[in-house]
Each structure stands twice: as C-alpha cells, then as structure tokens.
Amino acid sequence: MNYWLMKSEPNEFSIDDLKNRPAGTDCWDGVRNYQARNFMRDEMRVKDRVLFYHSGKNPAVVGTARIAKAGYPDHTARERGSKHFDTRSTPENPIWFMVDVKFEKKFSRAVSLAELRKISALREMTLLRKGNRLSVMPVTREEFDTILSLAK
DNA sequence: GCCAACGTTGGC
DNA sequence: GCCAACGTTGGC
C-alpha cells in the first residue's frame, strides 16, 4: 500500500467535483511534470490512498481518495485545443500519463498548510520542503495518519 | 499582485 | 554540456 498527496486548484477541480462524479471517480489528467508523471505511471496501484490537497487561496488538505485505476495514457495530450495538448504525444509514445481517483471522504474541517507546518512529526514532509512544486508526491504512512488525526 | 523557486528551452 | 532566459507554480 502506497500513500500519496495530489494537488488541485479547487477552481479547476475540487474534492466536491470529484465527489459528484459518477461513482465518485474521475481521471487525474493534465499533469505535465516528469517526476509527477513517473509516480502515476510507475508506482501508483489500485487502492493506494490519496490526500486530496487544494492549492491556491486557502491551501489545505481537504479529504481522502483512493487510486481506482493505475497509470494509463493521458488522452488530453492528444486533444488539439486542449490546454494540455502536446504535439510530441503519439499513440505509440503517449509521454503523459494519468490515473483514476475515487472519492473517499471529505474532512469535516480542512487541514491548512499553515497548520501542517506547525506539526513536528511532519517536518520532513515533501509538501513542506522549500521550493517544492510537485503536484503529485508520495507521503509516508505516518504522515498520512498524522494528517487524518488532525482532521478529526 | 508579487516574487521565489523550479523546470524547460535554446543558443553557443 | 553549460547557462541565461523564460514560463509556470503556488505561497504569501
């Protein structure tokens, strides 16, 4: 079992959007960073747990999800006119990958980034490292559990 | 709105 | 292969 954190701008795609999708499931498209892609393509497994993070105005972990489908080609890379279109992507070499994510739970209260920074057990968390800009990143089981307990 | 940090691109 | 310039992310 792996644990992850996935960032999304709530204007673009929020945890409520995910919850309201059929079966609470949707594809996580549009990631255009190689390191993040590699996590999705190579390491995510069905049922892995995910912290859903809202970036932007009130950055916070807002709930949890599960990986519902392992890495597969991101079709938006091949859609001319899509914001995420990439001419280099072909059926033989899709370049960009995505996973499907299934809604699990929305926290009764969001756990803000500022709050996470105050927790000594989270000091080493990738999310909190200076300059970190990854939108998909691993978290440890301990970090995951710590954040769940903060949300209660 | 600003800006720090980072990844990518392209000239050399 | 280096590095300057640029675009983007994302916190504040």
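Below, chains carry the letters A, B, ... as their sequence lines are ordered, and counting in each starts from 1. Since the structure is predicted, the reported quantities are computational estimates derived from the model, not experimental observations.
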Check the interface with nucleotides 8-11 of chain B: list each N/O to N/O pair with the protein under 3.5 Å, or write none.
none

Please report the interatomic distance [atom1]([X]) to [atom2]([Y]), rounded to the nearest 0.5 Å.
X	Y	atom1	atom2	answer
D48(A)	N2(A)	CG	CG	4.0 Å
R117(A)	M125(A)	CZ	CE	10.5 Å
F39(A)	L5(A)	CZ	CG	11.5 Å
E79(A)	S89(A)	CD	OG	10.5 Å

Would you say that N38(A) contacts F97(A) through its side chain, given a criterion of any heavy-atom pair below 4.5 Å between the two side chains?
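A side-chain contact under 4.5 Å is absent here.
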Sequence neighbours excluded - salt bridge (Lys or Arg N to Asp or Glu O under 4.0 Å) pairs with any residue from residues 66-77 of chain A:
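Those involving residues 66-77 of chain A are R32(A)-D74(A), R66(A)-E104(A).
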When the ring centroid of Y72(A) is compared with that of W96(A), is the distance short of 6.0 Å?
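Y72(A) vs W96(A): aromatic centres not under 6.0 Å.
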Residues of residues 126-137 of chain A with any non-hydrogen atom less than 4.0 angstrom from an atom of DNA chain B: list those, numerically ordered, please.
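K130(A), G131(A), R133(A) - these, ordered by number, are the residues of the stretch whose heavy atoms sit under 4.0 Å from the strand.
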